[in-house]
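Before any comments, here is the structure.
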Amino acid sequence: MLHIIYHGYFSFNIHHVVRDLLEKSDDALAKPHTDYALEYREGHIVATDLKGDAAPDAVLFFDKDILLAKAMAKDALVLNNPRAIALADDKIATWEMLASEVPMIDTIPGPFHYRASTPTDTYLDYLEARFGYPMVVKAAKGSFGEQVFLAKDRDELVEQIEAMGNVDYLVQRFISESAGVDKRVLIVGDAVVGAIERRNDRDFRANLAAGSTAKPISLTREEARIALKAHRAMGLDFSGIDLIDSKAGPLVIEVNSNMGYLGFQEATGIDVSRLILDHLSRRLKAHM
């Protein structure tokens, strides 16, 4: 039995990727993460299924509830694994893991803070000297290109940092030559499946959720090598690696473990759901 876990608080009934996986699986059950209660029992934390469904042999985890993923991983094969999901969900943790592994966009994590804080002049001076304007401000955790902002001057930079509240954030160099354009590389198992170019002529963010268009592209050998190295370093079974072109060459800007990929499927004709299910089957056989 395969369980496909999705985020129960989304406004729609079921994640579109989960629906596609369900249609292509013979023995799968889609379950929101809210179907479970985490409890301490018999010496460790367990995930109690509130609906009493049969326990799974394997789990495709399309949510970011790391505690739930860890609890389920005690008794079933969970893909992606909880550690990899946690790393990919936190852009600062991703930067910390990959900065010495692959070329990444120049990044400065925001200072640790307990509540909404006004950055010091010393810190602002350093950011301005290093990046110049405009520069990018991102929440460490966020999806769909939300909580990603472009600061065009000091007033906007201060305003955006203060608006982060107690949320961790990072500041990055703005790569003007790639504004509104990136490359999403899909990897399953240990192989690059393909890539699309995402382009937005109205926004500096290239996320499809922000209104970008997508078209299939071929990667250079160097781009494929960088994406695959990032995927392996993060310990992922399937991923969407985001690259941009820069004057210095390709740069990794983000790693996605819970990526939506139907836009990729539509643009390329590649059945990513089938590839993930086949990879899971091979992993499950080796696991048992």
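Owing to the predicted nature of the structure, the values given are computational and were not obtained by experimental measurement.
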**Item:** Working for salt bridge (charged side-chain N to carboxylate O under 4.0 Å, His left out), residues Lys24 and Asp20
**Value:** CA-CA 7 Å; Lys24 294 169 181 174; Asp20 195 58; 3.0 Å; yes

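- You'll find the ring centres of Tyr114 and Phe112 inside the 6.0 Å limit.
- Checked by atom type, the side-chain pair Gln172/Lys138 shows a donor-acceptor distance below 3.5 Å.
- Closest of all the heavy-atom pairs between Gly8 and Pro32 is CA-CB, 3.6 Å.
- His33 has its ring centre no less than 6.0 Å from the ring centre of Phe61.
- When each of Asn80, Ile85, Val255 is tested with Met234 by the rule side-chain contact (heavy atoms from CB on, under 4.5 Å), just one qualifies, namely Val255.
- Of the charged side-chain nitrogens involved, at least one lies within less than 4.0 Å of a carboxylate oxygen, so that Asp190 and Arg232 count as a salt-bridged pair.
- Taking NZ of Lys64 as the reference point, atom NZ of Lys141 lies at 9.0 Å (rounded to 0.5 Å).
- Aromatic ring centres of Phe238 and Phe62: separated by under 6.0 Å.
- Lys31 forms no cation-pi arrangement with Tyr6, by the criterion of a distance under 6.0 Å to the ring centre and an angle within 45° of the ring axis.
- When only modelled atom types and interatomic distance are considered, Asp237 and Asn81 share no side-chain donor-acceptor pair under 3.5 Å.
- Checking Asp245 against Ser178 by side-chain atom types alone, no donor-acceptor pair falls below 3.5 Å.
- Defined by atom type and a distance below 3.5 Å, a donor-acceptor pair is present between the side-chain atoms of Arg41 and Thr48.
- Comment: Arg154 engages Asp121 in a salt bridge, judged by a side-chain N to carboxylate O separation of less than 4.0 angstrom.
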